[in-house]
Protein chains: 2
Amino acid sequence: MTTNTGKSLPTVARIFHALSEETRLQILEHLKEGEQCVCDLTGVFKTGQSRLSFHLRVLKEAGLILARPEGRWVYYSLNADAVEELQEVVNSLKASSYRAAKRGCCP
Amino acid sequence: MTTNTGKSLPTVARIFHALSEETRLQILEHLKEGEQCVCDLTGVFKTGQSRLSFHLRVLKEAGLILARPEGRWVYYSLNADAVEELQEVVNSLKASSYRAAKRGCCP
DNA sequence: TTGACGCATCAACTTTTGTTGTTGTATTAT
DNA sequence: ATAATACAACAACAAAAGTTGATGCGTCAA
């Protein structure tokens with residue numbers, strides 16, 4: 001069997017989908033500097049709050065970020081564990097070092 | 001500056017988008033075993049040829065796979081370089097080890 | 001307790017993706 | 001030449017994702 005992570009296909013697809021949008025990548029970039037609340041991010045991105053809220057939800061549902069509500073605010077941060085797991089998923093994409101002999105449908 | 005790969009945001013988003021669909025992940029999984037032509041894959045996935053052709057194009061345009069036309073067939077294979085670059089992109093998602101002091105919009 | 005703030009969520013809409021069947025173009029075989 | 005094969009690409013449609021503005025709810029300050 002090919003090297004595979006424990007994650008299901010839909011789960012992996014969902015993680016990559018969360019990463020497939022520029023705004024969300026920028027959000028992650030910002031979160032690398034530490035916890036931020038939504039108002040921090042609306043300030044940085046100069047965009048509607050509901051739009052950010054939407055993207056944060058996508059990231060959260062993929063498990064890539066964590067939400068920590070505190071009083072009136074919600075602080076978001078990178079989920080370091082998820083990023084590590086993602087690294088493993090990407091590792092598993094590498095071709096097997098021993099290539100199987102070419103199987104042939106084609107003469 | 002935060003660790004960043006040389007890749008542009010749209011390029012990175014496009015790569016992740018290519019990885020965000022189950023069929024495409026399965027295609028990559030198969031290509032780990034070596035080069036395959038489209039007819040190999042239609043055999044495996046028991047699906048329409050145009051559908052596979054579509055997904056292969058998405059993967060190819062993201063740079064994740066390579067196409068090698070030979071006569072009547074086109075052989076697809078993993079682009080190992082692209083996977084390595086992807087690993088770097090994912091590495092760069094990790095939080096900076098020294099977290100910046102919490103900046104405050106919020107009292 | 002009233003009002004302002006921070007955020008999620010919804011509804012209506014636009015845009016982007018994915019599917020299916022069809023057609024077109026090489027290429028090989030007869 | 002003709003026919004069959006392997007594939008890409010298109011058109012028409014269906015489904016999913018993203019945007020925007022409005023609404024609602026909890027929390028804090030006055």
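We use all heavy atoms of the structure for the numbers below, so side chains are in, but hydrogens, waters and symmetry mates are not. Not measured: the values here are computed from a predicted model. So that the names make sense, note that chain A is the first sequence line, chain B the second, and so on, each numbered from 1.
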B:Y76 side chain near D:dA8 phosphate (N/O to OP1/OP2, under 4.0 Å): yes

Separation of atom CZ in A:F54 from atom C1' in C:dT15, rounded to whole Å: 12 Å

Given D:dA8, C:dC7, D:dG18, the nucleotide with the shortest approach to the side chain of B:V38: D:dA8

Distance in angstrom units between A:L56 CG and D:dT19 P, rounded: 12 Å

Hydrophobic cluster identity match, A:L28 and A:V74, side-chain contacts under 4.5 Å: yes

For atom CZ of A:R72 and atom P of C:dA4, their distance in whole Å: 12 Å

Aromatic ring pairing B:F45/B:H30, orientation class (parallel under 30°, perpendicular over 60°, tilted between): perpendicular

Shared hydrophobic cluster for A:V58 and A:Y76 (ILVMFWY, side-chain gaps under 4.5 Å): no

Heavy-atom pair with the smallest gap, counting every atom of B:V90 and A:V83: O-CG1, 4.1 Å

A:E61 CD to C:dT9 P, straight-line distance once rounded to whole Å: 9 Å

Polar pair under 3.5 Å, donor/acceptor by atom type, side chain B:Q49, base D:dA6: no

Integer-rounded Å distance: D:dA6 P and B:L41 CG: 13 Å

Close side-chain approach of B:R24 and B:H17, heavy atoms under 4.5 Å: yes

Residue-phosphate contact under 4.0 Å: A:R24 side-chain N/O, D:dG18 OP1/OP2: yes

Proximity to the side chain of A:R57 - top-ranked nucleotide from D:dA8, C:dT9, D:dG18: C:dT9

Sugar-phosphate only, base, or nothing, as touched by A:G71 at under 4.0 Å among non-hydrogen atoms: sugar-phosphate

Side-chain N,O (B:S50) to OP1/OP2 (C:dT20) below 4.0 Å: no

N/O (side chain, B:H17) to phosphate O (OP1/OP2, C:dG18) under 4.0 Å: yes

Residue A:W73, side-chain atoms from C-beta onward, closest of D:dC7, C:dC7, D:dA8: C:dC7

B:R51 (side chain) and C:dT19 (base): donor-acceptor pair under 3.5 Å: no

Euclidean distance, atom CG of residue B:L52 to atom P of D:dA9 [Å, nearest integer]: 15 Å

Whole angstrom value for the distance that separates P of D:dA6 from OH of B:Y75: 10 Å

B:F16 CZ to D:dA17 C1', straight-line distance once rounded to whole Å: 18 Å

